[in-house]
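Below is one structure, written out as structure tokens; the observations come after it.
Nothing fancy with the numbering, it's 1 onward along the sequence.
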Amino acid sequence: MAEMITEFFGIDVFNESVMKERLPEATFAALKKTMENKEELDPQIADVVAGAMKDWAIEKGATHYTHWFQPMTGITAEKHDAFISPAPEGKVMLEFSGKELVKGEPDASSFPSGGLRATFEARGYTTWDCTSPAFVREDAGGVTLCIPTAFCSYTGDALDKKTPLLRSMEALDKQAVRILKLFGHEDVTNVSCSVGPEQEYFLIDRQKFLQREDLIYTGRTLFGALPPKGAEMDDHYFGSLKERVSAYMKEVNKELWKLGVLAKTQHNEGAPAQHELAPIYSTANISVDHNQLVMEVMKKVAKRHGLECLLHEKPFRGLYGSGKHNNWSMVTNTGKNLLSPGKKPNENLQFLLFVTAVIKSVDEHALLLRWSSSGAGNDQRLGAHEAPPAIISIFLGEQLEDIVRQFIEKGDAPECKQKSYMNIGVHTLPEIRKDATDRNRTSPFAFTGNKFEFRMVGAPMSIAGPNTVLNTIVADTLGAFAKELEEVPAGEFEAAVKKLLQRELAAHERIIFNGNGYSEEWREEAVKRGLPNEDSFIGSVKALTDEKTVEVFTRQNVLNRTELEARAEINYENYSKTINIEARTMLDMVAKLYIPAVIRYTSDLAGSINSVRTAVPTANVTVQEKLLTKISGLLAETEDAVEVLRKARSAAYQEKDAKLQAEAYRKNVVPAMEALRTPVDELEGIVDKNTWPVPAYGDLVYEV
Ligand code: ADP
Ligand code: MG
């Protein structure tokens, strides 16, 4: 009999129902208050919770616990401690105190800190984030209790991605509640931000993966000619799942459900071997943690199925890249979605005020948002084949755009385009109401009915960054709106809101774009509108230390100047390291694989020319000769490109200043990598397949 999902969903999570069952009533009540952000944690309570958590974990077979945190590497980190402590007569007891639950002290010097913590002062602290539930992780390595934590330096500076996220959630909460008070919602005490990330990924055969150094070291192919068939037939998107893939998805879902992750949707994506998994949305920090678990489980389970899960933004040039659509909204503790337009959005001033706050914030901080969604890998994807452009714009859909236009023109929106019924032409099919907006898949930031969908985010990234930025900039705008409106006499409130809407929408109309974001015309139009079009990630890093950013992030208590500067520094370093590894991998593959293989092939060809001539002196060998000439030419081109790349890489490598170094990699190394790729890919197209030393694109994406 099939197992019931309802029975095993969340069994590995120390969730509210477990706490309720295992904690004394008063402890549970006090903890709940802290979780809802109302009270500081009482150390005595921590002791009780730790005891219950330990008993629960040990019953599940746990031997170790770990503070699970998210340093600025973008992935998670953990250090495991056994529960044991010495007991008389050479025995051990199992212990876990409140102190151990609340605080950990990993030697932090090996995590990126961007100078926030000098190595001689290596102290870093992990602190329990009780708003995200602890869980046990079970695999061949045993069972471990994982405690979600924030990671800070001795001075309290954030060394991780979770701390600023939590701070930004508080900021958004505070400012949104202020606005809601003005609209008379005295019952709302808390606004949280809801996030649902759709995760795209590729799944390929692991044996083939292991034959490609580039995939192993960099997560993407650095060489590779396109197969004769790409995604043009549109037959993979939503296509039926191959059994090997669905068996994989089944196990991924089960593992995730046990961990309390609301994995909901799965389907094939646009490119061959590309898929997607989307959960039901939850509160931002839980979503961030869960997304890390999703990525971790997807990678781990793949190996068990002889597969490899690729999360890189662009594993294969010329095929679709992988993103992570970040769906974002704001929800009150009374269960109201603040971005829900209701039946008459044109009259719903509160909704329009929140939407306008998002529009204004996105326009004012477009480059920062672009920064938050990208990295070296996303440079390969943004603006490329069917991916969002690197220019930020907002798609509102017909209905909302019409309302915006009315407000700009008249200071009010008396009319509203209504939903209509679809005429399918078959009477036995139920009538369906059309959505007020069609989808626009080409927009990087789209209003999709009751949430905004930020589509630039790269597939492997932590979604903490983009959501921290969104929360912070929107909080700041809401704060400014609240300040302005709080001063308005009650009777004039509505008129004041309308005036504000008209003013702000007119000022930020330029960011709204409903057309085709993939088109060349849009690029030109965007330039005219003065929207930033930064084609490289490192070009966007400057947004972090821009005065405007520093001001807003300081005002909202999310990141101070030092923390922002540290992040910029880490980005530069990380970019340089990524490109450096890619360049070295290319050089290695060319020297050890491609050149030797091609030379072998040319000697075969030469040998064949000679033996044919010996056998039949009058035979025509022009095909072989032409091929040999062409290949030798490309081989020489390859060798020249190797020299250029080698020099560019070592010059960049020696640069001391982090920013200058990243720029050197971008300006000199990246083009040299391109120049090396071109002749090698061309060679792949003409050299005998059996002599090509690595699996081709076709073998990788079609043979799963
Ligand atoms: P698609 O974008 O493919 O049409 P959906 O719109 O159904 O898919 O949902 C995409 C993601 O958006 C899901 O993870 C879903 O849970 C999430 N989502 C839906 N409503 C909200 C909301 N109010 N806030 C945040 N995320 C949401
Ligand atoms: Mg989507």
Side-chain angles (χ1 to χ4, degrees), residues 193-198 265 278 281 323 325-331 336-363 366 369 373 386-389 391-410 412-423 431-457 466 470 474 477 498 501-502 504-519 521-522 525-526 529 531:
C193 117
S194 56
V195 172
E198 303 165 55
T265 311
Y281 67 92
H325 293 178
N326 187 84
N327 294 273
W328 178 95
S329 189
M330 295 163 278
V331 196
K336 292 267 179 309
N337 178 353
L338 297 176
L339 292 179
S340 188
K343 287 211 170 61
K344 292 181 179 163
N346 56 321
E347 294 172 12
N348 189 343
L349 290 183
Q350 179 187 305
F351 160 73
L352 291 172
L353 191 66
F354 279 103
V355 168
T356 303
V358 176
I359 295 172
K360 178 180 163 76
S361 311
V362 170
D363 186 29
L369 266 177
S373 65
E386 300 279 303
I391 311 161
I392 299 249
S393 65
I394 300 180
F395 169 81
L396 289 179
E398 228 179 287
Q399 188 186 51
L400 201 48
E401 202 194 355
D402 178 57
I403 295 172
V404 166
R405 189 149 300 134
Q406 293 180 57
F407 259 98
I408 294 173
E409 285 165 13
K410 307 189 254 235
D412 201 351
E415 273 150 54
C416 181
K417 293 195 173 180
Q418 282 308 326
K419 292 182 184 181
S420 54
Y421 286 92
M422 269 193 307
N423 182 2
E431 254 190 352
I432 347 181
R433 249 156 88 108
K434 270 198 212 172
D435 285 315
T437 60
D438 196 3
R439 288 159 181 264
N440 180 334
R441 306 217 321 151
T442 67
S443 175
F445 200 95
F447 182 72
T448 46
N450 59 1
K451 61 189 189 289
F452 279 98
E453 182 170 340
F454 187 22
R455 300 175 173 139
M456 267 165 109
V457 186
L470 269 173
V474 174
T477 304
K498 286 184 180 169
L501 290 177
Q502 182 177 30
E504 295 299 343
L505 290 170
H508 299 289
E509 192 189 8
R510 62 170 192 165
I511 194 88
I512 300 168
F513 177 64
N514 278 358
N516 179 6
Y518 294 166
S519 69
E521 295 81 67
W522 167 234
E525 165 72 16
R529 293 191 189 184
L531 301 176

message = Counting C-beta onward and ignoring hydrogens, is there a side-chain heavy-atom pair between Y281 and V195 closer than 4.5 Å?
response = no
task = Please tell me if the side chains of Q350 and L338 come closer than 4.5 Å, counting only heavy atoms from C-beta onward.
result = yes
ask   = Where the side chain of E453 meets the backbone of A446, is there a donor-acceptor pair that is under 3.5 Å apart?
value = no
note = Nearest heavy-atom contact between F407 and Q502 is O-CG, 3.2 Å
ask   = Within the distance-only criterion (no hydrogens, no angle test), does the side chain of T442 pair as donor or acceptor with the backbone N or O of G517 below 3.5 angstrom?
value = yes
key: Heavy-atom check, side chain of T448 versus side chain of H325, under 4.5 Å   = no
task = Answer yes or no: are there more than 12 heavy-atom neighbours, outside K410 itself, under 6.0 Å from its atom NZ?
result = yes
inquiry  = Could you report the tightest heavy-atom contact between W328 and C193, atom names first, then the distance?
reply    = NE1-SG, 3.6 Å
message = Checking F354 now: which residues fulfil ring pair (Phe, Tyr, Trp, His ring centres under 6.0 Å) with it, not counting sequence neighbours?
response = none
ask   = Between I511, T477, L400, which is the residue that forms a side-chain contact (heavy atoms from CB on, under 4.5 Å) with I359?
value = I511
inquiry  = A quick test of your reading: do over 12 heavy atoms of other residues, nucleotides or ligands sit less than 6.0 Å from NZ of K336?
reply    = no
key: Any side-chain heavy-atom pair of S443 and F513 under 4.5 Å   = no
request  = Please round to the nearest 0.5 Å and tell me the distance separating atom CD1 of I512 and atom CD of E509.
outcome  = 6.0 Å
request  = Measure the spacing between OG of S361 and CG of L369 and express it to the nearest 0.5 Å.
outcome  = 9.0 Å
key: V358 and F447, any side-chain heavy atoms less than 4.5 Å apart   = no
request  = Taking the side chain as every heavy atom from C-beta outward, state whether V362 and F445 have any atom pair closer than 4.5 Å.
outcome  = yes
note = Closest heavy-atom pair, L505 versus T356, reported as atoms and distance to 0.1 Å, is CD2-OG1, 3.7 Å
request  = Check I403 against E415 and note the closest heavy-atom contact, atom names and distance.
outcome  = CG1-O, 4.3 Å
remark   = The reported gap from CG in L531 to CD in E525 (rounded to nearest 0.5 angstrom) is 8.5 Å
message = Contact between K344 and C416 at the side-chain level, heavy atoms closer than 4.5 Å - yes or no?
response = no
message = For the CE atom of M330 and the CZ atom of F452, what is their distance to the nearest 0.5 Å?
response = 8.0 Å
inquiry  = Quick check: do F454 and I392 have side-chain heavy atoms less than 4.5 Å from each other?
reply    = yes
P444 versus I391, closest heavy-atom pair with distance = CG-O, 3.4 Å
ask   = With E347, which residues qualify under salt bridge (charged side-chain N to carboxylate O under 4.0 Å, His left out), at least two apart?
value = none
query = From E521 CD over to N516 CG, what is the distance, rounded to the nearest 0.5 angstrom?
reply = 8.0 Å
inquiry  = Tell me the closest heavy-atom pair linking N348 and G342, and the distance in Å.
reply    = ND2-N, 4.4 Å
Distance (rounded to the nearest 0.5 Å) between E398 CD and F395 CZ = 8.5 Å
